[in-house]
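Ligands are counted one by one from 1 in listed order, and the atoms in each one are counted from 1 as well. In this text, all values refer to a predicted model and were calculated from it rather than measured experimentally.
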Amino acid sequence: MTYVTSPHSGDTPGDFGRDLLSNLYYQRGTTLESASAQDTYHSLALTVRNRLVDRYIRTAAAHYRANPRFIYYLSAEYMLGKQLDQNLLYSGTEDSAHRALEGLGLSSSDLDALDVEPGLGNGGLGRLAACLLDAMASQDIPAVGYGIRYDFGIFKQAFQDGGQVERPDDWTFYGNPWEFHASDDQQTVGFYGHVEPLDGVRKSWVPGEVVLGEPSHMLVPGYGTSTVNIIRLWRARAARESFDLSRFGAGQYGEAVEEIVRSENISKVLYPDDSTELGRELRLKQQHFLVTCALRDIVRRFRLRNSDWDDFAGKVVIQLNDTHPVMAIAELMRMLVDEEGLEWDRAWSITRRVFAYTCHTLLPEALETWPVALVQRLLPRHMEIIFLINHLFLQEVAARYPGDDAKLRELSIIQEGGEQRVRMAHLAVVGSSAVNGVAELHSRLLAATTLRGFAELWPGRFHNVTNGVSPRRFVRLANPRLSGLISERLGGQAWLTDLDRLVELEPAADDSAFRERWREIKRLNREDLARHALAATGVAIDPDALCDVMIKRFHEYKRQLLRVLHVVAQYHRIRRDQVVDVVPRTIVFGGKAAPGYYAAKRIMRLANTVADLVNEDPVVSPYLKMVFLPDYNVSRAQLIIPAADLSEQISLAGKEASGTSNMKLALNGALTIGTLDGANVEIRDRVGADNFFLFGLDTTEVAAVRERGYDPRAYYDRDAELREVLDTVAHYDKDIVDDLLHRDEYLTLADYRAYVDCQDQVARAWRDREGWTRTSILNTARSGFFSSDRTVRDYCRDIWHVTPLRIDG
Ligand code: 26V
């Protein structure tokens, strides 16, 4: 079979410009003279997209021919970042596009400003999904990402009187040029209804409501290779047959239309809560919707080249990104047993081999559970299947631990005592062949605490795969200046797909001319950030000041509050003219709080209050500035990270599963001040203890403090400076201080003194600019391990058992 190649394959600026004008004419029906900004942007996007379609078609054809084992990544969240910058780079058309635009008198930065980032996720978990897809494509791993095409992504954040206000993210308002709709690949998804007996264990589920899933896909190009994979996002549509015509006739037009609206609400909005268990029915509907659409699509694809169910587990790996898609385990069992007529045991053996589960937290309150009564009502057959899975599983447990009822209660998929609930993490472990944590410490603690009983039962099932980040997105695109210098030094761009090669920069740390250029680039990046900060907040920052960055979701365990306490301490020191350990600093904050997470929002409000206090004080502000950049997202990350000198990774030890901003910042030459938590441990191991500012309690000490009976008040009584800080804070928010003195769940006061003293060490180190730059270079040089390419290789080796499939260029 031959495939027609695209007419848009020319690579010169002339070819590019011609295609752009042609798209303007035929796709937008206009000309350069009369085009609106949106017309031009859309035409540019299509011109770039067309250059990847060729590769996609070839990838799909090669995949069809080879019938390989596929990785299907199931995730309720993806934070893809802007597509224009990425697709220009990955299609190799950056230069010709820029020259073509220049020739047409168009500004590429104006056009880039119109590119909207799809914010279909909350934070680290969603961005990790995007980094893994990028790495899979870049390493020729046959893969498809499945997700939900939310109409509204993560809310936009603004501040009003220092407090967060949320605005809707109508990201497709002007259309999305990057997606391909496939309305003829629709799937049917059932809800509610009842179950009818068939034969034996086999039943028939008769749903009471049916909704359609309509897919569209976006291209996921590999960098430096020919592979273009896809991410398939599903949108809910009302089923045509569900339009109750009698009601239209009976004068109930409004009610009948409301039903359509209700169906389509399923994919309306991303839940912005990573901090409260909502237990909302609509959320469970979203999960089931994603899972059903994805599984049916996976089976459809399997059947293109295969027919025997015994081959399914050889051709299909389904990676579950946290517990959100875990209902897939029950749904696949239902499809195999009820629809395909397989024996239970055979179906179970297939199911267990196909799934693998990644856990992204240690917090017990973050482990998802659903009320049995709700699951029973929404998904009656799934609930029966879960009960049967649990029954058989508990028989296995009973055989292993005879007479041990406590063991049964501990491991059961159903949580008893009070309202019965389904523990999704337990279902995930029981129904998967592999379970992994996301950093060494996290995986160890998972097996020792949260999932201990399971790790004892099935030690071979537990793995660690340390997270990683895309060097293309977070070094090359975010920091073109530094990337240019690295490529010059290493003699090419091979490091972008082989990040371990950054070690070759080590000798450059001792080269003073190189250090000078490294410093100059940081300074230029800080100038870019200063321009943005001024426009966004009205605060002018000094591009020569140490740029001290904390960017992540607002959560008590991450301890943004500890960061604020140090700022208040510095404020007092400067006012008292105690500036021995003070160097000019800019404190940069970025991050959203879940709309209903009051404790986090109050810390955020305090941060904004302290920022005003500091910035408006004529004595303090020459030394200390604080900017809280609103609406932190991937694009903002790409701006902040290259400017950072210091990376704040100060969660209470044992709480942060991994963290990924820590990796992005280290790769861009920021030094870390951090606790022994998540991937910080591995960053420190790699960059060297001398090049990392460590402070605070470790997990063993945290346990010991709690064991002894933690008394936060004692720290206040003992430490005069802390007293002054808390008295100042109490002036603005008494409740925060009350909580710190009486509860302090995250041991902020226990780590306070160590943190502030460590910050003094940071200041002393910054004074030695040559030494600092040397350490900065070493941080970059030794962080190659944190590439998501390495993460994907680990998954391929330990969990997926797949090998790359090269597509002929
Ligand atoms: C969810 C919830 C929901 C209920 C209440 C508390 C709570 C706390 C946290 C979460 C988020 C869990 C999933 C998540 O986003 N984990 C993040 O995953 C990143 C990628 O692996 C990792 O770097 C972060 O450390 C981890 O927090």
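For a threshold of 3.5 Å applied to N or O pairs, the pair formed by E656 and ligand 1 contains at least one separation below that value. Polar contact with ligand 1: present for S658 (N/O pair, distance under 3.5 Å). When only interatomic distances are considered, the shortest N/O to N/O separation between G659 and ligand 1 falls below 3.5 Å. For ligand 1, the polar-atom distance check finds no N/O of T361 at less than 3.5 Å from any of the ligand's N/O atoms. The N/O atoms of D322, backbone and side chain alike, include none that comes under 3.5 Å of an N/O atom in ligand 1.
The heavy atom nearest to atom 20 (C) of ligand 1, considering only L367, D273, N467, is found in N467. The heavy atom nearest to atom 14 (C) of ligand 1, out of those in E556, R127, H360, is found in H360.
Side-chain contact of E656 with S651: a donor-acceptor pair under 3.5 Å is absent, judged by distance alone.
Those atoms of ligand 1 with a heavy atom of A657 less than 4.0 angstrom away are 25 (O). Less than 4.0 angstrom separates some heavy atom of H555 from each of these atoms of ligand 1: 8 (C).
Pairs of residues two or more places apart, or lying in two chains, that qualify as salt bridge (charged side-chain N to carboxylate O under 4.0 Å, His left out) and include a residue from residues 589-599 are K592-D631.
Looking at heavy atoms from C-beta onward, L652 lies out of side-chain contact with E556 at the 4.5 angstrom threshold.
Classification of R283 and D273 as a salt-bridged pair fails, no side-chain N sitting under 4.0 Å from a carboxylate O. We find that D789 and R793 are not joined by a salt bridge, their nearest charged nitrogen and carboxylate oxygen being 4.0 Å or further apart. Ionic pairing of K558 and D677 is not present here: no N-O contact between side-chain nitrogen and carboxylate oxygen is shorter than 4.0 angstrom.
In this structure E419 satisfies the salt bridge (Lys or Arg N to Asp or Glu O under 4.0 Å) test together with R421, sequence neighbours excluded.
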